[in-house]
Structure formats: structure tokens, C-alpha cells
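A short worksheet on the structure shown next.
Every value quoted in this text rests on a predicted model; they were computed, and no experiment measured them.
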Amino acid sequence: MPSPMDIYKLLPKTNCKLCGEQTCMSFAFKLITREKKLEDCKPLFSPEFEEQRKKIEEMLKVVEKATETGLVVNEDLCIGCGNCVVVCPVHVYEDPEGAGSGIGVRLEKPILIVENGVVKVVNVELCRRYKDKTICVACRENCPTSAIAFLEEL
Amino acid sequence: MVVCAGCSCLCDDVEVELDGERVVKVKHACRIGASIFLNYNVSRAEPMVNGKPTDIDDAIEKAIELLKGSRKVAIYGLDNTTLEAQGIAIDLAEKIGALIDNGSKFGRLVELILKNEIPTTTLENVKDYAYVIVYWGCDVHNSMPRHMSRYTYYPRGKKRQRGYEEDRFLVVVDVRRSHTAMLAKKNAVFIETNDDQKLVREFISALNGGVASRDVLRIVKEVKKSEFNVVFGGEGLVRGLKNLNDFVEFVKKFGYFIPADYHTNSMGFFKIMFERTGRADSYCFGNDSVVSFEDALMNGDVDTVLIVADDPLNSMSFDVARKLVKVNTIVIDPKQSFTSKIADVVIPSAISGVECGGTMVRSDGVSVELKPMFKSEFDDVKILKRIQRGL
């Protein structure tokens with residue numbers, strides 16, 4: 001994953017405030033957390049910054065694949081064991097008889113569900129990382145095939 | 001809700017969405033299970049005699065003719081079919097004095113379980129009560145993907161409400177750092193060993209209060225905290241054990257043992273064989289001896305083999321596979337396989353759990369009724385019955 005400093009180095013560094021942020025550095029931070037879009041930086045779209053813009057777009061490709069919590073699922077590596085579904089603290093709390101006991105998740109709005117043999121992220125807004133900004137890594141820790149990863153670790 | 005017959009977990013919580021004859025979505029099943037349902041109609045076997053397409057009646061007639069003309073028949077496979085079909089196959093073997101064997105190597109250990117010499121339990125009890133869970137010589141994460149998440153380490157049970165982090169202790173014993181071993185993190189131990197027998201003796205010594213390595217002593221300390229501890233032994237353990245007496249002593253002191261055999265219905269085969277012959281291993285009804293299919297094939301004691309729902313050419317070692325090509329082969333299989341490519345007679349059948357029902361036995365000995373979604377004209381039971389009648 002690109003660091004904010006890597007992105008800052010490629011930005012115009014004029015602190016023009018056109019994007020609504022006070023500094024270019026804070027804009028770089030928000031690009032990674034996806035609170036701002038690259039289009040908000042108007043000077044970057046002028047011809048003189050074209051090369052730098054392309055470099056930033058390349059860097060941000062990883063960020064785009066991730067969900068809002070930074071969770072990235074690589075379906076090619078997933079074998080559908082369902083460890084992540086069973087260990088997810090939200091699932092255990094909401095559905096103790098189903099997902100908490102190892103049976104397929106019965107919730108109407110699950111966060112993770114095994115479909116067609118691979119895990120899918122369905123309702124990411126219910127994840128503890130999204131709501132309370134807790135640093136929970138239960139699903140990633142119990143995935144030995146590394147199909148689940150978080151952006152900050154990539 | 002259907003039952004997945006992909007491995008011996010026999011998960012009964014799988015949901016399948018259909019669009020006419022096509023399976024659109026499979027929920028909760030692992031990759032092995034999902035592909036059985038999603039691709040059930042792909043690369044199906046066709047009735048064949050000597051590599052030429054024919055109809056199913058012709059193929060069955062030819063199979064009967066081949067079996068009648070041979071003196072040393074073997075029946076092999078049977079792991080992916082139902083208890084009912086296994087029963088008929090064993091009847092057939094008894095009638096013609098054939099050798100019967102399945103692909104699983106657990107015969108010796110399962111026999112001790114069925115004789116009540118090794119204490120065993122069910123997976124539901126493991127979920128509710130087990131504290132120390134040992135995976136010995138098996139990579140269940142790959143062979144039975146949902147084993148840990150559905151029955152053993154991860155789910156919360158009646159007496160194990162606090163989950164895997166506090167209420168379970170995982171031990172993985174293997175020759176290499178497998179995917180299952182990678183899950184041994186907090187409250188867990190991974191032991192890398194090349195000598196299972198030595199480790200079993202070390203465990204016995206530690207359980208008796210004797211000397212042992214630091215890891216083993218740590219595990220034994222945890223074992224003493226709970227009354228319910230369980231060992232799952234895989235094929236690595238079965239092949240690594242030279243003397244079973246030590247292992248029996250170890251399990252009696254440790255807790256319970258459940259075979260982690262991925263062959264879907266091998267436990268069913270062992271159970272029927274034990275009822276009929278008093279032994280759970282491969283058996284030759286012709287000369288009342290215990291001999292495995294591989295050994296008989298290598299010694300040239302087989303001239304025709306009837307393979308039911310298995311692909312031995314894919315799984316056997318090269319030397320044995322080469323011998324298999326030289327004998328007459330009759331394959332009853334729903335799908336095309338390496339073995340069906342070289343077979344003299346191919347009889348297409350139905351996929352157990354998708355197109356035909358019946359009973360299967362889970363690795364811990366619990367019977368599970370299959371719930372098929374489709375109906376099929378020919379299944380293993382009907383085909384084997386016709387062959388039986390023809391003989």
C-alpha cells in the first residue's frame with residue numbers, strides 16, 4: 001500500500017486549498033482513506049502534472065480494490081473454509097446459534113458469506129472497523145491462505 | 001438445505017439456488033462442495049465398451065460378461081457412494097469370492113474404534129466440550145475445509161462459550177508447516193516431527209509424569225485442565241504408526257480419537273465390513289484373507305477390477321497405476337476420470353447427494369441422510385443390483 005508521503009511527493013505541494021483541505025499532506029492522507037477523490041485536486045489535472053497524476057493513479061489502484069474498511073479479498077486464494085465467517089465478532093454477537101456455532105450464517109445482513117465456494121464481503125458497513133473504527137483483524141488472522149488482507153498491511 | 005457429499009464432514013447446512021436444471025448459487029459450502037453442485041452436469045461419463053460409445057444396457061451386459069469370465073475379481077473404490085450401494089457391492093464380492101477394498105488407509109484404526117478399544121466421540125460433542133484439539137498428520141484446512149470452522153476449533157459450544165481464543169487449545173503435529181499448522185497461533189502449539197511413534201511414546205511418558213520435551217509438557221499441562229480432549233488422526237498418522245498398542249495407550253490416557261479421513265463414506269464401508277466379516281479392512285472373500293488391493297494388483301492376483309465411484313489412476317502410485325492399466329477394468333462413475341479413459345467398460349451413474357439419495361456415514365460414525373435435488377434413472381444401487389442379478 002502506498003504511504004501518504006509517497007503520494008504527497010507527487011502532488012503539486014502548493015497548499016492551494018482548492019480541494020477543501022488545508023494542506024496537500026492532509027489531502028494525501030484522505031486519498032488513502034478514500035474520503036477524497038483524485039479529481040478534487042484541480043491543479044493536478046493540468047498538462048504539467050500529467051506524468052505525476054498517472055503515477056498516483058497507478059498507486060491508488062490497490063486502494064480502489066479494497067472495501068471501505070480496507071478489507072481486500074482475493075477470491076483466487078480463498079477455499080471457502082468459512083473460518084472468517086465463524087470468528088467474526090459481529091456474527092457471533094448477532095447470530096450465536098448460526099455463525100457463532102459454526103453453521104452457515106443465518107443473518108439477513110451478514111458481513112461475510114461463503115458463496116459458490118469463496119467468501120464474499122456483503123455488508124461492510126456493519127464491520128467493527130467501519131462503525132467503531134476498532135482495529136479488528138479476526139478474519140485475517142484465521143485465514144492461512146492469505147485470501148483476506150487489510151490495506152495497511154499490503 | 002442439502003447435504004454436501006464432498007468430504008467426510010457431510011455438511012448439512014448447504015443452501016442451493018436452482019434455475020430450472022441449472023445450479024445458480026451455492027451458499028455456505030466450501031470450494032470442494034460448491035464445485036460438486038455447480039459443475040454437476042459438466043464432463044459426465046458416457047456408456048462405453050472398449051472405448052466405443054454404446055448404450056447403458058450394452059455396457060452392463062458387457063460388464064457381466066467380463067465378470068463371469070474372470071476368476072480373480074476385485075471391487076475397489078466405494079468411498080463416494082452410499083451405504084446402500086456399498087452393501088450390495090459387498091454382497092456381490094461375497095457371491096463371486098472377490099477381493100473388496102476402498103481407497104482409505106484407516107482400516108486398522110477404525111477396527112479398533114469399532115471394537116471399542118479406542119474411545120471415540122461425535123463431532124457435536126467436540127464442539128460442545130472439547131478443550132485440547134490435536135490434529136495429527138492431517139492438513140484438514142485443505143482436505144476438509146469446514147472441519148475446523150464447523151465442528152472443532154472455531155465454533156462456540158455449550159461448555160465452550162468463549163470461543164477459540166480462550167476456550168480451546170490447538171495442537172498440530174505434522175511433517176511440515178501446513179495451512180492447518182499456520183492457524184496454531186495463540187493458545188496453540190505446532191510440533192514438527194518425522195517420527196510419530198517416538199512422539200506417541202513421549203506423550204505417554206509425559207502423561208505418566210515422566211520426562212518429555214517442553215512442547216509436549218506444555219500440552220500435557222493443558223490436557224489436565226479439562227476432561228474432554230480429542231485427537232484427530234490423519235493419513236500421516238496412520239502411515240507413521242508402526243505399533244498401534246502405544247497409540248491405543250496414548251489415546252486412553254489423553255481422551256478421545258476421531259479419524260480425520262477425507263474419503264466421504266469410508267466410515268460406512270468399514271462399518272458394514274466389520275458387521276459382515278469382523279474386520280474393517282480390505283478383505284478377499286475368495287481365500288478368506290486380508291490383502292489390500294494394491295498388494296494384490298502388484299502380485300498379479302487380480303484379472304478384472306470393478307471400480308465404483310473412484311479414480312484410482314489419479315491417486316495411486318505410478319507402479320500400481322501401471323499394473324492397473326493392464327487388467328480388465330469396469331468403471332461405474334458419474335463423471336469422466338483418468339480411470340474411465342482407460343477402462344474397458346464405463347457405466348455412467350448418478351452423483352450421490354445431487355441426483356440420488358441414500359445414507360452416508362460421517363468420519364465420527366454418525367449416519368447422515370442425503371437430500372438429492374434431482375432424480376436420476378440410473379444410480380450405483382440400481383446398476384450394482386442389475387450386475388448382481390446377471391451373475
Side-chain angles (χ1 to χ4, degrees), chain A residues 73-123 128 134-150 153, chain B residues 1 4 6 9 11-17 23-39 123-124 126-128 139-158 160-165 172 177-186:
Chain A
V73 175
N74 187 345
E75 290 186 1
D76 292 342
L77 294 174
C78 179
I79 61 162
C81 63
N83 288 357
C84 48
V85 180
V86 178
V87 297
C88 176
V90 180
H91 282 180
V92 174
Y93 175 70
E94 302 272 346
D95 185 21
E97 301 282 308
S101 306
I103 303 160
V105 60
R106 291 177 190 164
L107 291 171
E108 245 175 61
K109 283 180 120 191
I111 299 168
L112 299 156
I113 187 163
V114 181
E115 253 179 36
N116 292 350
V118 286
V119 70
K120 300 238 159 74
V121 189
V122 208
N123 294 300
R128 296 207 300 181
T134 319
I135 301 185
C136 171
V137 287
C139 49
R140 197 261 296 145
E141 256 192 357
N142 293 297
C143 182
T145 55
S146 320
I148 293 180
F150 286 113
E153 291 152 2
Chain B
M1 291 268 187
C4 162
C9 282
C11 300
D12 52 5
D13 60 342
V14 177
E15 288 171 33
V16 175
E17 266 177 45
V23 178
V24 199
K25 201 187 265 182
V26 184
K27 273 187 188 172
H28 311 315
C30 65
R31 204 160 215 168
I32 300 172
S35 75
I36 290 177
F37 293 107
L38 289 171
N39 304 321
L123 290 171
E124 273 75 23
V126 171
K127 182 157 105 180
D128 285 341
D139 183 10
V140 280
H141 188 266
N142 283 308
S143 59
M144 295 138 88
R146 288 190 76 199
H147 200 266
M148 292 177 95
S149 71
R150 187 162 150 68
Y151 298 111
T152 61
Y153 184 56
Y154 290 110
R156 284 148 209 252
K158 275 180 204 158
R160 301 284 160 201
Q161 292 280 325
R162 286 177 295 166
Y164 71 102
E165 282 154 318
V172 182
R177 199 168 186 87
S178 61
H179 278 147
T180 313
M182 282 179 200
L183 291 169
K185 286 175 183 165
K186 201 184 137 200

Against chain B, label [X] side chain, backbone, both or neither, depending on which of its atoms sit under 4.5 Å from a heavy atom there.
X: A:E97; value: neither
X: A:I79; value: both
X: A:V119; value: neither
X: A:C84; value: neither
X: A:V114; value: both

Under 4.5 Å from a heavy atom of chain A, the part of [X] involved:
X: B:V24; result: backbone
X: B:Y164; result: side chain
X: B:K27; result: both

Looking at [atom1] of [X] and [atom2] of [Y], how far apart are the two atoms once the value is rounded to the nearest 0.5 Å?
X: B:E165; Y: A:E141; atom1: CD; atom2: CD; value: 7.5 Å
X: B:K127; Y: A:I103; atom1: NZ; atom2: CD1; value: 4.5 Å
X: A:S101; Y: B:D13; atom1: OG; atom2: CG; value: 11.5 Å
X: A:N83; Y: B:H141; atom1: CG; atom2: NE2; value: 5.0 Å

Checklist entry - Short question: side chain of B:S149, backbone of A:V86 - any donor-acceptor pair under 3.5 Å? => result no

Checklist entry - If you look at every heavy atom in B:R31 and A:D76, which pair is closest and at what distance? => result NH1-O, 3.5 Å

Checklist entry - Which atom pair, heavy atoms only, marks the closest approach of B:A34 to A:G117? => result CB-N, 3.4 Å

Next on the checklist: Heavy-atom pairs under 4.5 Å with chain B - which of A:T145, A:V85, A:V118 has more of them than the others?
Outcome noted: A:T145

Checklist entry - Any idea which of B:H147, B:Q161, B:K25 has the most non-hydrogen atom pairs under 4.5 angstrom with chain A? => result B:K25

Next on the checklist: Taking atom NZ as the centre, does B:K158 end up with more than 12 heavy-atom neighbours from other residues, nucleotides or ligands that are less than 6.0 angstrom away?
Outcome noted: no

